[in-house]
Every structure is written in C-alpha cells, then in structure tokens.
Novice: 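This is the structure I want to talk about, given as structure tokens.
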Amino acid sequence: MTNTKHSAKVSEVWKHLALVEAVTRLQPRRYAETNAGSPSYPIVDDGERAFGVRSFMRRAVNDPELCSTRYFARLHQQPNPVSYRGSPAWVVEELGLRCRYLLCDIDPESLDELRRYVDVEGWGSVVEIVDSDGMATVAEAVQQSPGDWFVFIDPFDHFASIDEGPNALDVVVQLLEGAVSFACWYGYNEPAQRFWLPKLLAERTDRALWAGDILTVDANGQVDTGGHLGDATTPGTGSGMAFGNIPVELTATLQALGEHLEVVYTPTQLPSGRPGGLKFGVLTN
C-alpha cells in the first residue's frame, strides 16, 4: 500500500484508535506487521477526509472518553495536519525504544519510505524492515516467544497467499491457537457481510475472538443496500478490528471507545452530503 492511496478516512480512525489503545495498554516487547505500508500518507482535501480524521479531531474534543486516548493526543500534536500516520508510525512512536519491531511489506515504495522514516527518526536499533511475504515471516517469527508479541494484520486480500504460503486467515488461526495477541482489520461493502471475518474464523477455530465494527447508516439508522467501500463512506459500508488473546478489560475499553465514536458521529452529514451516521457493534466468538 503506497501513499498514492490517500488515507485518513473514518475507517482508519477506528482502525488506529483501537490499535493504539491496544498496544498502549498491553506494552508488548515485540510488535509485527504483515503489511506495514508507508509511515505516513498525505491528507487530501475531500469529503472522505473531512468526514474522517479532520471531523474526528473536532468531534472528539467534547467527548471525555475519546479525548483521553493516546490516539487523540497524537493527532492534536499537529492541529492542522497535512499528512496522516500509517500504522507503523502510530505504534513505533507510541511504544518507542522499549519495544522491537518487525515490519514486512513487498511494495518497493512503501519499503523505501519506511527505511527513510526509520533513518530520519533514529529507530534503526529497534526496527527491522523485511522485504518479504509478511504472512510467512511473521508466522515463523512469533513461534520463538509467543507471549512477547503483538501482531497487526492489515492485508488488501485476506485470502491471498504468496508462493503457497499462509494467507491472513491462516495466520490469524495460528496466532489465536498459539496465544499470540493480535488485531486484524477487515472491510465490507454489503451490510449482510458485517462481521464476516470473525464469523468465518469461528468455523476454523473455537478460540475466543472479539471484533468491534463500524457500519455507515442512513438518517434513520438503517441500511437498505450495499455501499462502496473503496470509493466513499456510504450507507452499507463498514469495517472492523478483530482482536485475539487480549484481556477482557481491554475489550471493554475498546467497546466503550467504539460506542463513543458512534455517538459523536451520529447524526452527521455523510461525505455524499446526505444525513446519516455510524452504528457500532460487537461480536464475541
């Protein structure tokens, strides 16, 4: 994923709000990403970003739960940001030198940007950047000390594999059954697909999984048809963060943050100009 695919939509607000909260509370000794992407992305001036990170910065100010998060604090270090952190930067800048990092990708532009970021910011002693199949690399690395790791899985295609290696679902099952803490992002553009990832995983393992999910809805809080996940935040689109092997106290915190996110975004004006909002939901296997 390169920075030509601008970031900072509301789906990334939930993704990074949950991710930063998790690593802050868990304080892992080791952190890995299977699909790291770039350390930052330009924020373009369009309806999606106005609804996403820029809107969140305004809305969360009056919500004690949201404005007490590290995600909110780091956003407000730049009152009018022109770029938005990718997940590696969110986590590295939060955990710092007390953690070691394994960042995997196969996109040359993302790898170059990660290396420049690490050199400029001085993270070279703790960050390893690997040009390889992140699924296979991380699946092997965590076996050495499973209790030390937190893994973030954020693939473009959860079913894709490289050279017959594991796909994202394979890795999630391995992490669940290996007692490794992790988060896995997923998206969808049909309301019937809500929670598709945790539901599918429940067919492959009986290990506990928690998922928090935001769905874009219309002015009545409903959805009649599918939306357009890759194009715009429209009723019927949604995304979620599935977590495994994390404490119950953390799932309660994440649920509270999701519920507050729904409140500050509902009712609202969607990027299309039509009234709508967000509906937060939880699924626990």
Side-chain angles (χ1 to χ4, degrees), residues 1-3 5-28 31-44 48-61 63 65-78 81-96 99 101 103 105 110 113-114 117 150-156 181-187 210-214 216 229 233 237-243 246 250-251 253-262 264-265 278 280:
M1 185 166 60
T2 70
N3 64 10
K5 299 181 179 179
H6 308 284
S7 192
K9 296 181 179 182
V10 72
S11 59
E12 276 118 2
V13 169
W14 169 237
K15 175 195 300 185
H16 295 134
L17 175 65
L19 177 64
V20 174
E21 189 69 23
V23 298
T24 300
R25 290 177 177 267
L26 294 176
Q27 294 290 307
Y31 174 84
E33 291 203 17
T34 58
N35 305 78
S38 298
S40 66
Y41 301 84
I43 300 179
V44 296
E48 285 294 308
R49 281 75 195 176
F51 183 71
V53 67
R54 295 196 188 281
S55 184
F56 175 83
M57 292 176 73
R58 295 192 307 273
R59 296 168 188 267
V61 169
D63 185 286
E65 191 86 13
L66 295 174
C67 70
S68 67
T69 62
R70 294 295 299 158
Y71 176 76
F72 178 90
R74 290 196 172 276
L75 278 178
H76 278 262
Q77 290 174 345
Q78 294 178 289
V82 296
S83 64
Y84 180 79
R85 294 176 180 88
S87 51
W90 279 112
V91 175
V92 172
E93 292 174 23
E94 183 60 34
L95 298 180
C99 182
Y101 309 87
L103 306 178
D105 212 302
S110 294
E113 291 174 357
L114 281 170
Y117 166 75
F150 186 94
V151 175
F152 181 41
I153 305 166
D154 185 16
F156 179 77
S181 299
F182 72 89
C184 183
W185 183 88
Y186 64 93
W210 181 93
D213 183 299
I214 56 170
T216 307
L229 181 64
T233 302
T237 61
S239 65
M241 285 284 278
F243 287 84
I246 63 172
L250 177 54
T251 64
T253 298
L254 295 174
Q255 179 168 341
L257 292 177
E259 290 170 350
H260 281 253
L261 192 65
E262 175 184 322
V264 299
Y265 268 93
L278 300 180
F280 179 75

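If you're wondering where the values come from, they're calculated on a predicted model, not measured in any experiment. Start at 1 with the first residue, then count along the sequence.
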Novice: Taking all non-hydrogen atoms of both residues into account, name the closest pair between Pro81 and Ile43 and its distance.
Specialist: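 Shortest heavy-atom separation between Pro81 and Ile43 comes out as O-CD1, 3.8 Å.
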
Novice: Looking at Pro28 and Cys99, what are the two nearest heavy atoms and their distance?
Specialist: O-SG, 3.4 Å

Novice: Please state whether the rings of Tyr31 and Tyr101 are parallel, tilted or perpendicular, taking 30° and 60° as the class boundaries.
Specialist: perpendicular

Novice: Establish, from distance only, whether the side-chain atoms of Glu21 and Thr253 form a donor-acceptor pair under 3.5 Å.
Specialist: no

Novice: To the nearest 0.5 Å, what is the distance between OG1 on Thr34 and CG on Asp105?
Specialist: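 It is 9.0 Å, given to the nearest 0.5 Å.
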
Novice: Does Ser55 reach the main-chain N or O of Gly52 with its side chain, forming a donor-acceptor pair under 3.5 Å?
Specialist: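 Not at all, since once roles are kept as given, no pair shorter than 3.5 Å links the two residues.
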
Novice: Quick one: CE on Met241 to CG on Leu254, what's the gap to the nearest 0.5 Å?
Specialist: 8.5 Å

Novice: Can you name the closest pair of heavy atoms from Glu33 and Pro88 and give their distance?
Specialist: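 Minimum heavy-atom separation between Glu33 and Pro88: OE2-N, 3.3 Å.
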
Novice: Taking only residues two or more places apart in sequence or in another chain, which ones pass side-chain hydrogen bond (donor to acceptor under 3.5 Å, both in side chains) with Tyr186?
Specialist: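 Asp213.
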
Novice: Report yes or no: does Glu48 contribute a side-chain atom to a donor-acceptor pair with the main-chain N or O of Thr233 at less than 3.5 Å?
Specialist: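 Indeed, once roles are kept as given, a pair shorter than 3.5 Å links the two residues.
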
Novice: About how many Å separate CG of Asp63 and CZ of Phe56, when rounded to the nearest 0.5 Å?
Specialist: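 Taking CZ in Phe56 and CG in Asp63, the distance rounds to 8.0 Å.
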
Novice: Look up atom SG in Cys67 and atom CG in Leu75, then write down how far apart they are to the nearest 0.5 Å.
Specialist: 12.5 Å

Novice: Would you compute the distance between atom CZ of Arg49 and atom CZ of Arg54 and round it to the nearest 0.5 angstrom?
Specialist: 10.5 Å

Novice: Step by step, work out the side chain to side chain contact (heavy atoms under 4.5 Å, CB included) result for Val91 and Leu19.
Specialist: CA-CA 8 Å; Val91 175; Leu19 177 64; 3.9 Å; yes

Novice: Kindly say whether Phe51 contributes a backbone atom to a donor-acceptor pair with the side chain of Tyr265 at under 3.5 angstrom?
Specialist: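 Yes.
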
Novice: Please check if the distance between the ring centroids of Tyr84 and Trp90 is under 6.0 Å.
Specialist: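 Yes, close enough.
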
Novice: State, with a plain yes or no, whether a side-chain heavy atom of Ile246 is found less than 4.5 Å away from one of Arg25.
Specialist: no

Novice: Return the minimal non-hydrogen interatomic distance between Leu114 and Ala36, and the atom names on each side.
Specialist: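 The pair with the smallest heavy-atom distance is CD1-CB, 3.9 Å.
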
Novice: Is the shortest side-chain heavy-atom distance between Lys15 and Ser239 below 4.5 Å?
Specialist: no

Novice: Can you tell me if His16 uses its side chain to pair, donor with acceptor, with the backbone of Glu12 under 3.5 Å?
Specialist: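 Checked: pair present.
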
Novice: Find out whether Thr69 and Val20 are in side-chain contact, i.e. whether some heavy atom of one side chain is under 4.5 Å from a heavy atom of the other.
Specialist: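 Thr69 does not reach Val20 side chain to side chain.
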
Novice: Listed by chain and number, what are the side-chain hydrogen bond (donor to acceptor under 3.5 Å, both in side chains) partners of Glu93, not counting sequence neighbours?
Specialist: Arg85, Tyr117

Novice: To check you understand the geometry: which heavy-atom pair defines the closest contact between Leu278 and Glu262, and what is its length?
Specialist: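 In this case the closest contact between Leu278 and Glu262 is O-CG, 3.0 Å.
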
Novice: Less than 4.5 Å apart, side chain to side chain, heavy atoms only: is that true for Ser110 and Asn35?
Specialist: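 Heavy-atom side-chain distance check fails, nothing below 4.5 Å.
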
Novice: What are the two closest non-hydrogen atoms of Thr24 and Gln27, and how far apart are they?
Specialist: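 That would be O-NE2, 2.8 Å.
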
Novice: Contact between Phe150 and Phe243 at the side-chain level, heavy atoms closer than 4.5 Å - yes or no?
Specialist: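 Of all side-chain heavy-atom pairs linking Phe243 with Phe150, at least one is under 4.5 Å.
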
Novice: Test of understanding: with ring-ring contact (aromatic ring centres under 6.0 Å, His included), list the residues that count as partners of Phe152, not counting sequence neighbours.
Specialist: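 With neighbours one apart ignored, the set is empty.
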
Novice: Which value, rounded to the nearest 0.5 Å, describes the distance between Arg59 atom CZ and Leu66 atom CG?
Specialist: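 Result: 11.5 Å between the selected atoms.
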
Novice: Does Val13 reach the side chain of Ile214, with side-chain heavy atoms less than 4.5 Å apart?
Specialist: no

